[in-house]
Structures are given as C-alpha cells and as structure tokens.
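Data first, discussion second: the structure below is written as structure tokens.
These values consider heavy atoms only, across backbone and side chains, with no hydrogens, waters or symmetry-generated copies.
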Amino acid sequence: MKKSSSPDYPALAESQLRETSVRATDARIKVLAALLGAPYALSHQDVQDKLTEMDRVTLYRALDCLTDAGLAHKIAGDDRVFRYNAGAEHKEAGGHHASPQHQHGHFKCTRCAKVFCIDNVDEQLFAADNKANSKSPTATLRQQLQNVLQATLGKGFQSHEIELTIKGWCADCAHQV
C-alpha cells in the first residue's frame, strides 16, 4: 500500500477515530498513526519497536480496537504472526460496515516476510476481464470464485470471506539476488 509524502499521521489517525465514533485515546492515535505511516503491514513487535514507551497490553488492546472498528485489519501470516495494516474497512454512520469484509489481496515476501496490501484486486481483474472479453459482461472475482466453489463442492456452499495472497520477493529482496 503506497503512502503519500509527509502527511500528518497523528491528525489523520485522530480524525479517523472520531469519524467512527471510537474514543480517540493517546494510545489508539499513536498506533493508528504508526500503521498509516507504514509502507507495509506491521507485526505487534514492529509497532512495539516504534512505540517503545507503550506497554504490550495497551498495544494489543489498541490494535484489537482499531481492528474491531474497521480502521485496521489483521493479516495472518504463515509464520503464525499477525500483521496489521490501516485503512482496509470503513464503517458507515451507525456502526455498519460499508463493505461486509476486508476485500483486497496481499503480497508476502518470502525472504523478508513483509506483507503489502494490493488494493482493488476485484476491480482490476474485472476491468482486465472486460477488456479481454468485451462482448459479454463478466462476473466479479468474488462471483467467479463462488461459482467455482459451488461447481466443485455442490450447491449450498456460500463463501463469506476470501483471502488472496501472492507470494514472492519484494522489490528490495529481488534486487539482492
């Protein structure tokens, strides 16, 4: 997920917390600001290293609160370490999700274990599909995967969450070869 140059992450974090009616505590502002400023998803330890004055329990609670509020999302890694990134889900007024789930893919570097968000996967594949086959409308990636699920396992199966992870080498690690 690319970050723009030099925004005021603490102010942005506080604004996002207030928009979702989550109490803007000092810990939540600092944790969300760290996530907003990170070029890749951070583990609990990565955030702890950035916010050395914060105790581990407060950090865990802040990360859980941000995840529950939809201001951050948790990514399960193959190494059994959760990583966190900001900005995946947004709640509408009244606490309802604008989208029912975290809907984007991830790229995981198999050398350094950094995890990067890939935004708009469904939209990009949909656009690519339409260019390749402009005569007939195509289903979204979600719909295509639901069709595969039902064709493979039978009618009645309904997905509620799809995880897409592409593994390889990030740009930094690829240059080290």
Side-chain angles (χ1 to χ4, degrees), residues 1-4 16 19-20 22 31-32 34-47 60 63-177:
M1 177 178 228
K2 293 183 181 178
K3 308 292 178 188
S4 58
Q16 287 185 7
E19 285 174 12
T20 58
V22 173
V31 172
L32 184 54
L35 294 177
L36 287 166
Y40 53 86
L42 301 176
S43 69
H44 177 275
Q45 187 60 53
D46 294 335
V47 180
Y60 274 119
L63 287 168
D64 284 344
C65 176
L66 295 172
T67 302
D68 290 345
L71 294 171
H73 67 279
K74 187 171 16 177
I75 306 158
D78 295 339
D79 55 2
R80 297 184 181 183
V81 173
F82 286 110
R83 288 175 178 77
Y84 298 85
N85 207 342
E89 299 176 11
H90 301 285
K91 292 190 176 191
E92 296 173 342
H96 295 88
H97 285 284
S99 62
Q101 61 182 326
H102 162 68
Q103 288 295 303
H104 66 259
H106 297 101
F107 178 89
K108 180 179 181 190
C109 180
T110 55
R111 282 195 168 172
C112 67
K114 290 179 183 171
V115 178
F116 302 83
C117 290
I118 305 171
D119 295 320
N120 305 320
V121 171
D122 200 45
E123 295 165 14
Q124 290 177 23
L125 288 175
F126 180 68
D129 255 355
N130 277 339
K131 287 179 185 173
N133 186 7
S134 59
K135 293 182 181 178
S136 66
T138 58
T140 64
L141 178 60
R142 181 184 227 339
Q143 292 165 331
Q144 291 172 21
L145 291 172
Q146 181 63 37
N147 292 339
V148 169
L149 174 70
Q150 289 185 355
T152 304
L153 300 176
K155 299 269 186 227
F157 285 86
Q158 182 66 40
S159 66
H160 63 85
E161 186 173 343
I162 298 168
E163 293 183 17
L164 172 67
T165 303
I166 300 170
K167 296 179 182 179
W169 294 342
C170 70
D172 290 339
C173 290
H175 288 309
Q176 296 174 8
V177 177

Inset, instruction - Compare every heavy atom of Ala69 with every heavy atom of Thr20, then report the nearest pair and how far apart it is. - result: CG2-O, 4.4 Å
Inset, instruction - For residues Cys173 and Cys109, report the shortest heavy-atom separation together with the two atoms involved. - result: SG-SG, 3.6 Å
Legend entry - Ring-ring centroid check His44 Phe82, cutoff 6.0 Å: no
Spatial distance of atom [atom1] ([X]) from atom [atom2] ([Y]) [nearest 0.5 Å]:
X: Asp64; Y: Lys74; atom1: CG; atom2: NZ; value: 5.5 Å
X: Gln176; Y: Trp169; atom1: CD; atom2: CH2; value: 10.0 Å
X: Leu145; Y: Gln150; atom1: CG; atom2: CD; value: 12.0 Å
X: Cys117; Y: His106; atom1: SG; atom2: NE2; value: 4.0 Å
X: Leu63; Y: Leu35; atom1: CG; atom2: CG; value: 6.5 Å

So does [Y] get a backbone contact from the side chain of [X], meaning a donor-acceptor N/O pair under 3.5 Å?
X: Gln158; Y: Gln146; value: no
X: Gln16; Y: Leu71; value: no
X: Arg83; Y: Leu42; value: no

Inset, instruction - Flag the pair Val22 / Asp68 as yes when at least one side-chain heavy-atom distance between them is below 4.5 Å, and no otherwise. - result: no
Legend entry - Side chains of Tyr40 and Val115 in contact at under 4.5 Å (non-hydrogen atoms): no
Inset, instruction - Answer with yes or no whether the side chains of Asp46 and Ser43 bring together a donor and an acceptor at under 3.5 Å. - result: yes
Legend entry - Phe107, CZ: over 12 other non-hydrogen atoms inside 6.0 angstrom: yes
Inset, instruction - Please assess Tyr84 against Val47 for the test side-chain contact (heavy atoms from CB on, under 4.5 Å), listing each intermediate value before the final yes or no. - result: CA-CA 9 Å; Tyr84 298 85; Val47 180; 5.8 Å; no
